[in-house]
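Atoms considered below: every heavy atom in the structure, side chains included; atoms not considered: hydrogens, waters and symmetry mates. Per chain, numbering begins at 1; letters A, B, ... match sequence-line order.
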Amino acid sequence: MIDLRLLRDNPDAVRASQRTRGADESLVDVLAAADAARREAVQRADDLRAEQKAASQAVRGASPEERPAVLERARGLAAQVKEAEEAEREADAALREAHLTVPNLVHDGVPAGGEDDAVTLRTVGEVPTYDFAVRDHLEIGEALGAIDMERGAKVSGARFYFLTGPGALLEFALAQLAITRAVAAGFTPVVAPSLVGPRAMEGTGFLGAHEEEVYKVERDNLYLVGTSEVALAGMHMDEVLDLSGGPRRYAGWSSCYRREAGSYGKDTRGIIRVHWFDKVEMFSFCPPEEAADEHRRLLAWEEEFLQALELPYRVVDIAAGDLGSSAARKFDIEAWFPSQSTYRELTSTSDCTTFQARRLNIRYRGEDGKPRIAATLNGTLCAIARTIACLLEVHQQADGSVHVPVALRPWLGGVERLTPGMSLAAPLPVPAA
RNA sequence: GGAGGGCUCGCCUAGUGGCCGAUGGCGGCGGUCUUGAAAACCGCUAUGGGGUAACACCCAUCGUGGGUUCGAAUCCCACGCCCUCCGCCA
């Protein structure tokens, strides 16, 4: 939800933001009108209530003779209040509806345009070359006994998989590496629920345009999260946080579920695009003034993680038309996938400014001691399945083995290579090299 | 799934139809006293909306939503959450 005061003071800024997104500018005027209408309705109801309150008080002090007349007047006012309150409710609902249609204001500097207008900020690492026929991650994974799509489909349907043997170990190794690095950077590690109630889902903006993407458990009125961002943001709803010691940062691990509606035919092979995967997500609460800096920090942690995995990547600044409704700015990191000879999204970090927090009522105490709406930011540290896919492809060797990045070895029993048919080393902690 | 108990201001608590936005204590902030601190004493100490240049002022909020009533923290209904016991269970 955008700030209505800002809308009142500077509607042109909101219109300009809509234009950059390629979104409907007239929604801004609808919202402004709904806001004005609501204020009018509130004022009317408030005034009537004040009058009725006074009339009510008068009932007590009335003498027996005047009592009937006073009561009559109070009764009449009560009826009027009821009507005015009904109108107020309607105006409220209309405002809310209009409010939900307007996405967050985009930051200055966000590229205009859509999916194809993302700007590459930098490219890091050498694109690898191979002097043998490159295999895709599924071929490699199957040869290693790491990925089993067929049985995933048998048990759960398309876009489900089993990670087996070295694949399962890789999952845990990546989770460990991600969490360990996050903790070292000062994040509080969190294991978050992947089933959440409607408020958290709606508050984070996932029940709007992308509702089709979400699995719902109808019977219990719960949703499966597409990212632990939902639970992490919801964790502090209706709270006033103490941010005097700096941003509040969480690294949340959870399973993530996505219906992938509308992605038919895309990435049907392997585990790049699946209905379920596990992810370590960074989430940060901070004062709005600090959000842009915090965003850069999240991006830096993402980059360092990929560097530790020895993966070449590029950083892109997502164009306004391709931002989610909550984001004011978004950076994706795309890593190189040799089988596709292209960079593919591996992580994504969004600055949601106060947009989510306003809906979820997440505040912090300002220096004046007054509560203010906080900013929220999120960023992928490691989307595990897709990262496994990328690792297998980038680090594949001519003989079918796969190089293990040094940083991962402590959680893989110290092995330097994954080899078809290898006996699995017990993943006992090995001191980092 | 069944049976009970509970949900009031940061925390604990008083309050069973108007005098209650709400008592008292703790905590926090400011002051008096003190070389300093503690103790003691005094004062302040919610949030949201509307309104204002800023105040003033008005409205709402006692888990949530309805209802009864001129008037509800207090009465009625539904729901949510927490606790205890029983059943089931990783």
Side-chain angles (χ1 to χ4, degrees), chain A residues 1-10 31-100 191 193-203 216-224 231 234-245 248 254-255 285 288 354-374:
Chain A
M1 282 185 176
I2 65 161
D3 185 354
L4 288 178
R5 284 173 204 281
L6 175 85
L7 173 68
R8 285 172 212 163
D9 296 345
N10 193 356
L31 177 57
D35 178 43
R38 188 198 73 109
R39 274 186 292 166
E40 213 169 289
V42 164
Q43 197 54 254
R44 211 182 115 68
D46 277 4
D47 289 347
L48 275 169
R49 249 189 311 258
E51 219 181 313
Q52 192 230 4
K53 238 169 134 172
S56 245
Q57 290 300 321
V59 172
R60 299 193 68 211
S63 64
E65 308 82 74
E66 32 184 44
R67 204 179 144 83
V70 175
L71 255 180
E72 192 45 48
R73 183 177 133 73
R75 254 186 221 121
L77 279 166
Q80 285 187 57
V81 166
K82 208 161 193 174
E83 262 174 58
E85 283 180 339
E86 183 52 38
E88 192 182 350
R89 263 195 291 278
E90 279 167 26
D92 251 331
L95 171 63
R96 190 182 151 71
E97 201 185 314
H99 211 164
L100 291 177
V191 178
S194 49
L195 277 167
V196 302
R199 244 203 91 206
M201 211 63 195
E202 188 183 76
K216 181 172 188 193
V217 183
E218 198 71 52
R219 191 183 163 102
D220 297 287
N221 196 25
L222 289 169
Y223 297 87
L224 284 158
M235 199 172 170
H236 288 304
M237 60 189 178
D238 297 320
E239 292 185 31
V240 179
L241 300 172
D242 178 6
L243 296 179
S244 58
R248 182 98 143 221
S254 83
S255 291
F285 301 89
T354 56
F355 192 84
Q356 287 180 330
R358 184 166 292 107
R359 241 194 263 188
L360 291 169
N361 191 28
I362 300 167
R363 297 172 296 171
Y364 71 101
R365 225 164 264 291
E367 284 179 10
D368 57 358
K370 292 284 172 204
R372 299 174 55 203
I373 304 283

Inset, instruction - Would you kindly give the CD-to-P distance between A:E88 and B:A60, to the nearest whole Å? - result: 10 Å
Legend entry - N/O (side chain, A:K370) to phosphate O (OP1/OP2, B:A46) under 4.0 Å: no
Inset, instruction - Determine which nucleotide pairs with B:C26, using a 3.5 Å limit on both distances of a Watson-Crick or G-U wobble pair. - result: B:G10
Inset, instruction - Looking only at side-chain atoms of A:L71, point me to the closest of B:G51, B:C59, B:C70. - result: B:C70
Legend entry - Minimum side-chain heavy-atom gap A:E83-A:L48 below 4.5 Å: no
Inset, instruction - Report the distance from atom CG of A:D238 to atom P of B:U61, rounded to the nearest whole Å. - result: 18 Å
Inset, instruction - Figure out the CZ/P separation between A:R199 and B:G63, and round it to whole Å. - result: 17 Å
Legend entry - Of the listed nucleotides B:G49, B:C70, B:G51, the one nearest the side chain of A:Q43: B:G51
Legend entry - Rounded interatomic separation in angstrom, taking CE from A:M237 and C1' from B:U47: 18 Å
Inset, instruction - Rounded off to whole Å, could you give me the CZ-to-P distance for the A:R44 and B:A60 pair? - result: 16 Å
Legend entry - Side chain A:D46 and base B:G49 donor-acceptor under 3.5 Å: yes
Inset, instruction - Would you indicate, yes or no, if B:G50 has its OP1 or OP2 atom less than 4.0 angstrom from a side-chain nitrogen or oxygen of A:R38? - result: yes
Inset, instruction - Check the distance between B:U47's P and A:N361's CG and give it to me in whole angstrom. - result: 12 Å
Legend entry - Residue A:A50, side-chain heavy atoms: nucleotide from B:G18, B:G49, B:C59 that is nearest: B:C59
Inset, instruction - In whole angstrom, give me the gap between the P atoms of B:A72 and B:C62. - result: 11 Å
Legend entry - Side-chain N or O of A:R39 closer than 4.0 Å to phosphate OP1/OP2 of B:C59: no
Inset, instruction - Report the base-pairing partner of B:C79 (Watson-Crick or G-U wobble, both distances below 3.5 angstrom), or none. - result: B:G63
Inset, instruction - Please tell me which of the listed nucleotides, B:G50, B:G18, B:G66, lies nearest to the side chain of A:S56? - result: B:G18
Inset, instruction - Would you mind telling me which residue lines up with the more 5' stretch of RNA chain B, A:R8 or A:R60, judged by nearest nucleotide? - result: A:R60
Legend entry - Selection from B:G51, B:G18, B:G48 that lies nearest to any side-chain heavy atom of A:Q57: B:G18
Inset, instruction - Kindly say if A:K82 contacts the phosphate of B:U68, meaning a side-chain N or O under 4.0 Å from OP1 or OP2. - result: yes
Legend entry - Residue met sooner reading RNA chain B from 5', once A:A78 and A:R372 are mapped to nucleotides: A:R372
Inset, instruction - Could you state the atom-to-atom distance from NZ of A:K53 to P of B:C58 in whole Å? - result: 9 Å
Legend entry - Options B:U47, B:G50, B:C59, nucleotide nearest the side-chain atoms of A:R365: B:U47
Inset, instruction - Could you give the distance separating B:A56 and B:A38 at their C1' atoms, to the nearest angstrom? - result: 42 Å
Legend entry - Paired nucleotide for B:G36 [Watson-Crick or G-U wobble; both distances under 3.5 Å]: none
Legend entry - Short N-O contact, A:D35 and A:R39, less than 4.0 angstrom: yes
Inset, instruction - With a 3.5 angstrom cut-off on both distances, give the Watson-Crick or G-U wobble partner of B:G1, or none if there isn't one. - result: B:C86
Legend entry - B:G49 versus B:C55 - spacing of their P atoms, nearest Å: 14 Å
Legend entry - A:R38/A:D92 ion pair, N-O < 4.0 Å: yes
Legend entry - Sidechain N-carboxylate O distance under 4.0 Å for A:E85, A:K82: no
Legend entry - Note: A:R248-A:E239 ion pair, threshold 4.0 Å (strictly below): no
Inset, instruction - Compare all side-chain heavy atoms of A:R359 with those of A:M237 and state whether any distance is below 4.5 angstrom. - result: no
